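Below is one structure, written out as structure tokens, with a few remarks after it.
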Amino acid sequence: MRLPKRGAGSSVTRRLLALSGALAVAAGLLTSLAPAASAADSTTDLGVLMPSVASRSGVVAAGGGKVFVSANTRIIVADTRGVLTGSITGLSAAAGLALSPDGTRLYAALGGSHQVAEVDTADLTIIRRIDLTAYPCPVNLSLSGSRLWVGHGCYRETGGGVIGLDLSAPMPVPVPIDADTFDAPRVAVAGDTLAVANTSAESSDLLIYDVSDTPATLRGTIESHPNDQGLPNDLALTPDGSTVISVAADTHQLAAWDTTSLAKVRDYATEAADSPAAVAISPDGAHIAGGWKSAFTLYGTPTATTLHQTTPPAAHSLGSLAFSGADVFGVLRGNNDKRLRLWRLHGVTLPSSKLTLTGPSRATAYEEFTLTGRLTLSDGSAPGVQTLTVTRRSPISGSPVTPLPDVTTAADGTFTITDTQPPTKVTYDVLWNGSTDHRWSKAHRTISITLPPSSLTLSGPAEGSVGEQLQFSGVLKAGDRVFPPTTTLKVHRALARADLTQLFELTPAPDGSFSFTDTPTGPGEYTYAVEWEGDTSHRGTWVERDVTVLEQQE
């Protein structure tokens, strides 16, 4: 090893640069799955596997302050924050769900027992089971007033169809309106209009019925896009029944059709590259939610304007969708683990807000630094005084989250965050929970954190003689710290700034002071160097001192 020239980068410098580079911190907004009670979007594991598409489970319905998800042998119940609260058990192949407008009654298609179950949503008890043995494998449900429409059919078999049930009757008698379909047709009803879609690859036309009287009258057929992948269609009707929205698997978009003229009204396009899987319309008809295998898009109904786009967390396919106030709930199916998860898109129909966060590109550990930001609303108005949530965590997966004091904005939305950062990798998370008028928002800022410097001093003679003992002393400083007995300093010596030799190691006193001696055996220009390699709290350092050693005078 050769002693570097003064000012040149030494091995210590290289190690310090590597260490500081390793401590670069990406300080961004939390993107992992949030707790279900969070005001931001959240995901809740339902503890259910759905390994095959032959299972018709994974349908979501929302209303009356509750959210329901069909899950094979049970229906899982959550509150409107996505927090699991209970379940309805003793079911067989629970599939499609339908809620009464007041949310007091839930209807569930039970494909395994060939029944439709009516559930009191207050105490989650099954009030009655409607026998559909003559119309096996009920799967898809849609409710309008006291009439429930059921799409039945066993998986990938003929003999399916659609029946209507008058729920006001003590023992509803099934009234078939469409028969001998392949698999179970999709159904959607609103007002006096019923839309039916076959789910097979052979036929995906939309049949439009007038159900203002019994029996239903076929209004016409819409020759929809061919479903060449054999994926289940989904349907939704505007509240007045005037427009039906269907998935169009071959074009990767949603299509809107006039249920009177049977003409296409518009398309709802997306940037998603895969096939659509679900569609839902808000109760007021103002919004359309479209679910693709790997994307979610919210549209304005009349204009097809894209209002919001996002992707499901992790590797999930998005299936069923349901509106709940300003929220949308979706059911995700893991592409790898096949587990069902409930996804809450909080306040997604509200006007947007925006958080910005700026600050230094680099900060030194243990030294106070400041981030500044601003909350703005979509209409440009001042948000007034608002509270922001700030957290700090290591970017390593599974690391605990450390809450920091909440930050209050000024009336114009500006805010400041001040922190003193320890020398560990961290992520700063800033979140506004939103309001009844605007959607929540988040922001992030990337900051590199470097260790604070240390220093070494070295004093001793400028000249000496061969055979004469040279005395050196110095001090290591690293802020106000007290050095433990494990601290090690390396002492090096070089002749004519050529070969560097480590003489020995020494331990400084707790206050950093140290001393050592050396006795040169030959004349020349000597350089003594003391090195501290640093630790997890401070960068290392290096100091040199030159000594001229003369031949001993006789």
Side-chain angles (χ1 to χ4, degrees), residues 1-27 360-369 394-396 399 420-426 447-462 469-520 524-547:
M1 181 176 179
R2 302 178 66 84
L3 185 69
K5 296 180 180 180
R6 291 181 177 88
S10 65
S11 62
V12 174
T13 302
R14 288 192 295 272
R15 284 193 292 271
L16 293 177
L17 289 173
L19 178 61
S20 63
L23 288 172
V25 175
S361 61
R362 182 175 298 273
T364 301
Y366 305 119
E367 295 183 3
E368 187 175 87
F369 64 91
S394 167
I396 299 174
S399 299
T420 301
Q421 176 56 46
T424 57
K425 292 182 178 180
V426 294
I447 301 177
S448 297
I449 302 295
T450 60
L451 294 174
S454 59
S455 65
L456 271 170
T457 60
L458 182 63
S459 60
Q469 187 180 72
L470 305 178
Q471 299 277 349
F472 296 91
S473 62
V475 178
L476 170 65
K477 289 287 186 182
D480 297 327
R481 68 173 297 178
V482 175
F483 294 96
T486 55
T487 304
T488 299
L489 299 178
K490 295 180 179 180
V491 179
H492 307 273
R493 185 184 68 186
L495 178 61
R497 302 193 68 81
D499 293 332
L500 180 68
T501 302
Q502 180 176 318
L503 297 180
F504 47 79
E505 294 181 349
L506 59 84
T507 299
D511 64 358
S513 61
F514 62 90
S515 63
F516 64 89
T517 62
D518 185 49
T519 304
E525 296 292 332
Y526 285 83
T527 297
Y528 289 87
V530 178
E531 173 189 5
W532 183 52
E533 292 189 329
D535 57 18
T536 58
S537 65
H538 285 78
R539 290 180 300 202
T541 187
W542 173 286
V543 67
E544 301 174 11
R545 183 167 182 83
D546 293 331
V547 180

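In this text, all values refer to a predicted model and were calculated from it rather than measured experimentally. Quick note: residue numbers are just sequence positions, from 1.
- In this structure, Glu531 CD and Thr541 OG1 are separated by 9.5 Å, a value rounded to the nearest 0.5 Å.
- Interatomic distance, Asp518 CG to Gln471 CD, rounded to the nearest 0.5 Å: 10.5 Å.
- In this structure the side chain of Phe483 reaches within 4.5 angstrom of the side chain of Trp532, judged on heavy atoms.
- Ring geometry for Phe472 against Tyr528 counts as tilted: the plane angle lies between 30° and 60°, on a 0 to 90° scale.
- Nearest approach of Arg497 to Thr527, heavy atoms of both residues: NH1-OG1, 3.3 Å.
- To the nearest 0.5 Å, atoms CG (Leu470) and OG1 (Thr519) are separated by 6.5 Å.
- Between atom CG of residue Leu476 and atom OG of residue Ser513 there is a gap of 10.0 Å, rounded to the nearest 0.5 Å.
- Put simply, CZ on Arg481 and CG on Asp511 are 13.0 Å apart, with the number rounded to the nearest 0.5 Å.
- Panel note: side chain Thr457, backbone Val475; a donor-acceptor pair is recorded below 3.5 Å.
- Of all the heavy atoms in Thr450 and Arg362, the pair that sits closest is CG2-NH1, 2.8 Å.
- With His492 as the fixed residue, the ring-ring contact (aromatic ring centres under 6.0 Å, His included) test singles out one of Trp542, Phe504, Phe516: Trp542.
- Minimum heavy-atom separation, Thr488 to Glu505: CG2-OE1, 3.4 Å.
- Pairing each heavy atom of Arg539 with each of Pro453, the nearest pair is NH2-CB, 3.2 Å.
- The main-chain N or O of Thr507 is never found under 3.5 Å from a side-chain atom of Thr487 such that the two would form a donor-acceptor pair.
- Going from atom CZ of Arg545 over to atom CG of Leu456 covers 14.0 Å, rounded to the nearest 0.5 Å.
- Taking every heavy atom of both residues into account, Leu451 and Ala365 meet most closely at CA-CB, 4.5 Å.
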